[in-house]
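See structure below.
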Amino acid sequence: MVPKNTSLPRRKRWQNSKLDVRARKAAEAVGLKARRSYWRLGSKTNHGGFLLTDPQTHRVVAGEHYNLTPGDVIRICAELA
C-alpha cells in the first residue's frame, strides 16, 4: 500500500541541512539555543523556521513564530558575539 503523502520520504523531511547545523552551532557559541519545530507546521504560530531562546531563562530572543531562516540566526548570533 502506497502512503498518501509521497512528496518527500519521512527521513528527508526531518533531515538537518548543513546550514541548519551551522545556525545551531552559531547560537550555541553565543549561549543561545536555536530550535526548529515541525509540530503544526504552516500554522499561524509556526512558519517552519527557527526560534532563538535563552536556555537559562527559556525566554524567546528572536523568531517567536519560528520565522527565522538559518541565515537570520547566523547573522543575529554574529551581531551578539
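In this chain, numbering begins with 1 at the start of the sequence shown. Please read these numbers as outputs of a predicted model, since none were measured by experiment.
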Query - Other residues, nucleotides, ligands: >12 heavy atoms within 6.0 Å of R35 CZ - result: no
Query raised in the report: What heavy-atom pair brings G31 and P55 nearest, and what distance separates the two atoms?
Result: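 It is O-CD, 3.2 Å.
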Query raised in the report: What pair of heavy atoms forms the shortest contact from C77 to A27, and how long is it?
Result: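 Shortest heavy-atom separation between C77 and A27 comes out as SG-CA, 3.4 Å.
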Query raised in the report: Apart from V30 itself, which Ile, Leu, Val, Met, Phe, Trp or Tyr residues share its cluster (side-chain heavy atoms under 4.5 Å, direct or through members)?
Result: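 V30 clusters with L32, F50, L52, V61, L68, V73, I76, L80.
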Return the [atom1] to [atom2] distance between [X] and [Y], rounded to the nearest 0.5 Å.
X	Y	atom1	atom2	result
I74	E79	CD1	CD	12.5 Å
H65	S43	NE2	OG	10.0 Å
Q56	K33	CD	NZ	13.0 Å
D54	R59	CG	CZ	9.5 Å

Query raised in the report: Within a strict 4.5 Å, meaning less than it, do heavy atoms of the K18 and V21 side chains meet?
Result: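 The answer is no; the side chains never approach within 4.5 Å.
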Requested in this report: Mark yes or no for whether R36, through its side chain, and G48, through its backbone, hold a donor-acceptor pair below 3.5 Å.
Outcome: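 Confirmed, R36 side chain pairs with G48 backbone.
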